[in-house]
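Below, chain A is the first sequence line, B the second, and so on; all start at residue 1.
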Amino acid sequence: MTTSKQEPNDFFRRVWDVVAQIPRGKVTTYGHIARSLGVGSAARTVGWALKAAAETPLPCHRVVNRFGALSGRMHFGGPHIMEDLLRSEGVAFTDDGCVDLGAHLWVPGEAERT
DNA sequence: ATGTTGACATTGA
DNA sequence: TTCAATGCCAACA
């Protein structure tokens with residue numbers, strides 16, 4: 001008790017849980033994560049969770065916006081960090097500098113299919 | 001304490 | 001078809 005409730009609410013934890021399940025070389029989008037959580041519209045909050053996840057061991061660099069653009073690359077401590085990380089994992093980029101979702105888009109739940 | 005912003009997405013007109 | 005408004009949750013001013 002006491003007070004301490006420093007840990008974030010379940011929402012953040014759920015987002016982190018999904019992000020932690022993203023396989024290497026794959027990427028997912030905020031909307032798919034939000035949908036997997038059951039909210040579907042809280043994509044913005046998912047972004048917040050990722051920002052918090054920036055200080056966690058979660059592969060937040062595998063999460064991009066719906067266009068496959070590395071929206072949060074600026075929060076990694078370096079604008080090229082995210083891109084370099086994804087490339088290092090075997091992710092392909094388009095001429096637009098976005099991730100090839102058509103080749104690396106991973107959806108939560110599809111992998112849980114026992 | 002309240003209001004606004006923010007790593008977005010979806011729906012409505 | 002394209003443009004605008006709304007929804008969600010948390011942190012910051």
Side-chain angles (χ1 to χ4, degrees):
Chain A
M1 50 167 331
T2 75
T3 83
S4 328
K5 217 187 178 186
Q6 301 180 341
E7 292 182 16
N9 289 347
D10 289 328
F11 214 92
F12 273 49
R13 274 180 148 178
R14 277 180 201 156
V15 174
W16 297 344
D17 185 42
V18 175
V19 175
Q21 288 165 61
I22 303 174
R24 173 172 120 13
K26 291 273 173 114
V27 292
T28 190
T29 72
Y30 304 94
H32 283 173
I33 293 174
R35 265 190 184 209
S36 185
L37 299 180
V39 266
S41 318
R44 288 179 106 169
T45 318
V46 173
W48 260 103
L50 289 180
K51 182 171 62 99
E55 304 246 333
T56 77
L58 293 175
C60 34
H61 57 265
R62 288 179 191 152
V63 185
V64 296
N65 66 356
R66 174 170 121 57
F67 298 99
L70 287 45
S71 316
R73 65 174 151 188
M74 51 198 294
H75 295 279
F76 278 79
H80 61 315
I81 303 295
M82 197 171 181
E83 182 186 321
D84 192 35
L85 246 55
L86 290 170
R87 282 193 173 182
S88 185
E89 297 199 345
V91 176
F93 281 78
T94 68
D95 279 346
D96 297 325
C98 303
V99 179
D100 191 345
L101 296 177
H104 298 288
L105 175 60
W106 177 83
V107 179
E110 292 255 316
E112 286 225 347
R113 203 158 36 85
T114 27

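Across the C1' atoms, B:dC8 and C:dT1 are found 23 Å apart, a figure rounded to whole Å. On the P atoms, C:dC3 is 23 Å away from B:dA7, given to the nearest whole Å. If you take atom P in B:dT4 and the same atom in C:dA5, they sit 16 Å apart, rounded to whole Å.
Listed in residue order, the members of residues 98-105 of chain A having a heavy atom less than 4.0 Å from DNA chain B come to none. Of all the residues in residues 74-93 of chain A, A:His75, A:Phe76 reach under 4.0 Å from DNA chain B with at least one non-hydrogen atom.
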Side-chain donor/acceptor pairs under 3.5 Å, residues 76-86 of chain A, sequence neighbours excluded:
none

What side-chain donor-acceptor pairs closer than 3.5 Å can you find for residues 68-75 of chain A, not counting sequence neighbours?
from    : atom 1 : to      : atom 2 : distance (Å)
A:Ser71 : OG     : A:Asn65 : ND2    : 3.2
A:Ser71 : OG     : A:Ala69 : O      : 3.2

Can I get a per-line list of side-chain donor-acceptor pairs under 3.5 Å for residues 51-61 of chain A, giving both atom names and the distance, sequence neighbours left out?
from    : atom 1 : to      : atom 2 : distance (Å)
A:Thr56 : OG1    : A:Ala53 : O      : 2.7
A:Thr56 : OG1    : A:Leu58 : N      : 3.3
A:His61 : NE2    : A:Glu89 : OE2    : 3.3

For residues 27-46 of chain A, which side-chain donor-acceptor pairs fall under 3.5 Å, sequence neighbours excluded?
from    : atom 1 : to       : atom 2 : distance (Å)
A:Thr28 : OG1    : A:Trp106 : O      : 2.9
A:Thr29 : OG1    : A:His32  : N      : 3.3

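Take A:Asp100 and apply the side chain to side chain donor-acceptor pair (under 3.5 Å) test, not counting sequence neighbours, and it matches no residue. Residues forming a side chain to side chain contact (heavy atoms under 4.5 Å, CB included) with A:Asp96 (at least two apart in sequence, or on another chain): A:Thr94, A:Cys98.
Partner A:Val64 forms a side-chain contact (heavy atoms from CB on, under 4.5 Å) with one of A:Val91, A:Leu105, A:Val99 and no other, that one being A:Val99.
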Reading nucleotides 8-13 of chain B from 5' to 3' and marking B where a protein heavy atom lies under 4.0 Å of the base, S where only the sugar-phosphate is that close, and - otherwise, the string is BSS---
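Per the geometry, CZ belonging to A:Arg13 stands 13 Å off P belonging to C:dA10, to the nearest Å. Atom CZ in A:Phe12 sits about 7 Å away from atom C1' in C:dC9, given to the nearest Å. Rounded to whole Å, the distance from CZ on A:Arg14 to P on C:dA10 is 11 Å. Whole-Å rounding puts the A:Leu50 CG to C:dA11 P distance at 14 Å.
Annotation for A:Trp48 and A:Phe12: closest pair O-CE2, 3.9 Å, computed over non-hydrogen atoms. Of all non-hydrogen atoms in A:Lys26 and A:Ile22, the two that sit nearest each other are O-CG2, 3.6 Å.
No engagement by A:Ala52 is indicated, since no non-hydrogen atom pair under 4.0 Å with the nucleic acid exists.
With pairs defined as Watson-Crick or G-U wobble and both atom distances under 3.5 Å, the stems of at least three pairs that touch DNA chain B come out as B:2-6 with C:9-13, B:8-13 with C:2-7.
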